[in-house]
Amino acid sequence: MVSLIAGPVRPRPGDLVLARVDRLGNHRRLELTNGRRAWMYPGDEIAVVYANRYAPDQFESYVPLDLQPTQLVASGGVASSVRTMSDDVRRATEITPLGLIGNERFTPLNLSDFGLRSVPSAETRLPALAVIGTSMNSGKTTTIKQLVLGLRDGGHRPGVTKVTGTGSGGDYWVMLDAGAQAMLDFTDAGLASTFGVDMHVVEQTMVNLIDHLTHRGCGSVLIEVADGLLQYETAQLLDSEVFRERIDGVVFAAADAMGAIAGVARLKELGLPVVAVAGRLTRSPLAMAETRAECGVPILTLAELSDPVTASALLGAASPIHEPFEDAVTVEDSDVVIDLRPRGGVLGIGAALGAPGEA
């Protein structure tokens with residue numbers, strides 16, 4: 001970052017911009033690269049990135065055509081002009097761009113300049129579980145966090161990737177703190193947001209992130225697809241052959257019973273393997289009962305998601321042996337006797353066996 005480019009320039013999605021904070025609104029703190037959320041004050045200068053945003057609970061916004069005053073629409077550092085907003089949030093924080101941030105040749109720097117480059121695809125595909133939701137704030141991130149805890153405690157090395165959405169540092173630290181082997185999202189691939197991005201780019205971003213997790217020693221992959229089933233990029237990705245080829249199951253997060261029932265039906269129409277329902281609805285026993293009566297898919301609470309046996313079974317990686325046993329099998333050594341009898345379709349594996357492949 002050497003130069004400042006002002007005047008009659010048209011910003012592109014991903015361009016870095018130096019801006020002055022004029023009026024505080026919905027976002028009053030800015031996420032720093034170290035994870036700290038710093039308070040902002042009028043007159044502060046901030047380095048952020050232009051990008052579109054799609055957030056039904058907050059803002060619909062687009063990259064402006066020039067460097068006129070605009071808004072900060074996400075605490076992760078996303079600048080764009082608000083078109084519509086939810087009544088549940090305050091007006092967006094007002095900022096004035098001072099210029100695009102450029103290099104020594106006065107060429108604007110773009111987030112894509114620093115994205116992860118492609119790596120060779122591994123010969124063996126890692127088992128992968130996708131977490132999709134009815135909308136934002138349906139419980140997707142919490143669902144993945146609990147699965148990470150369960151897989152970690154089961155001796156696995158889960159990797160996590162968020163392949164669509166708007167850039168935010170919060171998810172990154174949550175997954176690492178829960179014990180993920182590695183966490184990558186679309187910002188690592190050079191995208192501040194996936195709203196309005198060509199589907200081929202979104203698909204290749206997902207593949208690239210999964211390949212990088214594989215090369216970083218992960219033993220499985222948890223994939224978050226942001227926003228809801230009706231969001232354009234989400235709908236396109238779920239109907240993509242590239243997506244289908246790289247997942248083994250879907251956990252659907254919903255805030256209520258009707259959302260869960262309709263969402264599962266839609267995913268089944270797309271031919272996606274829904275293995276469980278989770279999310280905010282599991283806070284309510286009545287909502288769970290309503291869903292259970294109509295859905296035909298297991299409903300898992302936070303405690304169940306973080307159970308090592310349940311998490312491993314969902315991923316299809318509870319044991320190197322994936323076919324169900326016809327009879328009880330007993331493994332014995334000097335310290336332990338473990339019955340591997342199938343329990344309700346889920347293979348019970350004693351923790352004393354250690355991680356898969358280490359028994």
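All values derive from a computational prediction rather than experimental measurement.
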Which pair of non-hydrogen atoms, one from [X] and one from [Y], has the smallest distance, and what is that distance?
X	Y	value
Ala278	Val251	CB-CG1, 4.0 Å
Val63	Asn52	N-OD1, 2.9 Å
Gly77	Leu30	CA-CD1, 3.8 Å
Ala180	Val160	CB-CG2, 4.0 Å
Gly179	Val148	C-CG1, 3.8 Å
Met183	Asp188	O-OD2, 4.4 Å

For atom OH of Tyr172, is the number of surrounding heavy atoms from other residues, nucleotides or ligands below 6.0 Å larger than 12?
-> no
Does CE in Met136 sit with more than 12 non-hydrogen atoms of other residues, nucleotides or ligands closer than 6.0 Å?
-> yes
Exercise: do Thr164 and Thr194 side chains pair donor with acceptor under 3.5 Å | no
Determine whether the side chains of Asp57 and Ser86 contain a donor N or O and an acceptor N or O closer than 3.5 Å.
-> no
Would a 4.5 Å heavy-atom cut-off, applied to side chains only, mark [X] and [Y] as touching?
X	Y	answer
Arg244	Asp239	yes
Asp153	Ser306	no
Ile223	Thr161	yes
Val202	Val163	no
Arg53	Ser61	yes
Ser220	Leu151	yes
Thr134	Phe252	yes
Met288	Thr301	yes

Rounded to the nearest 0.5 Å, how far apart are [atom1] of [X] and [atom2] of [Y]?
X	Y	atom1	atom2	answer
Arg246	Arg125	CZ	CZ	8.0 Å
Ile299	Glu290	CD1	CD	10.0 Å
Leu230	Arg266	CG	CZ	8.5 Å
Leu209	Leu184	CG	CG	6.0 Å
Met206	Lys162	CE	NZ	16.0 Å
Phe186	Leu116	CZ	CG	13.5 Å

Indicate, with yes or no, if the rings of Tyr232 and Phe195 have centres closer together than 6.0 Å.
->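 For Tyr232 and Phe195, the ring centres are not under 6.0 Å apart.
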Report the C-alpha separation of Glu60 and Val73 in whole Å, then their side-chain angles, then the decisive distance to 0.1 Å, and conclude whether the side chain to side chain contact (heavy atoms under 4.5 Å, CB included) test is met.
-> CA-CA 9 Å; Glu60 174 198 8; Val73 296; over 6 Å; no
Would [X] end up clustered with [Y] when hydrophobic side chains under 4.5 Å apart are linked, directly or stepwise?
X	Y	value
Val221	Ile144	no
Tyr50	Ile95	yes
Val277	Leu305	no
Val275	Leu126	no
Ile46	Leu111	no

Should the pair Asp171-Lys145 be classified as a salt bridge under the 4.0 Å nitrogen-to-oxygen rule?
-> no
Ion pair check, Arg20 and Glu45, cut-off under 4.0 Å =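 Here Arg20 does not pair with Glu45 in a salt bridge, since their nearest N and O are not under 4.0 Å apart.
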Sub-3.5 Å donor-acceptor pair from the side chain of [X] to the main-chain atoms of [Y], do we have one?
X	Y	answer
His212	Arg117	yes
Ser312	Pro308	yes
Gln231	Gly228	no
Asp177	Val174	no
Asp248	Leu129	no
Arg216	Gln181	no
Gln71	Val82	yes
Thr234	Ala226	yes
Arg152	Ala178	yes
Thr70	Ser81	yes

Considering only Ile, Leu, Val, Met, Phe, Trp and Tyr, and joining two whenever side-chain heavy atoms are under 4.5 Å apart, list the other residues clustered with Leu16.
->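 Same cluster as Leu16: Met1, Leu4, Leu18, Val49, Leu98, Ile101, Leu109, Phe114.
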Stepwise, does the side chain to side chain contact (heavy atoms under 4.5 Å, CB included) test hold for Asn26 with Phe59?
-> CA-CA 10 Å; Asn26 191 62; Phe59 304 108; 3.9 Å; yes
Check against side chain to side chain contact (heavy atoms under 4.5 Å, CB included), Met40 and Leu72 | CA-CA 11 Å; Met40 295 182 293; Leu72 183 72; 3.6 Å; yes
Verdict with supporting geometry, Leu300 and Leu314, side chain to side chain contact (heavy atoms under 4.5 Å, CB included) = CA-CA 11 Å; Leu300 301 178; Leu314 281 177; 3.5 Å; yes
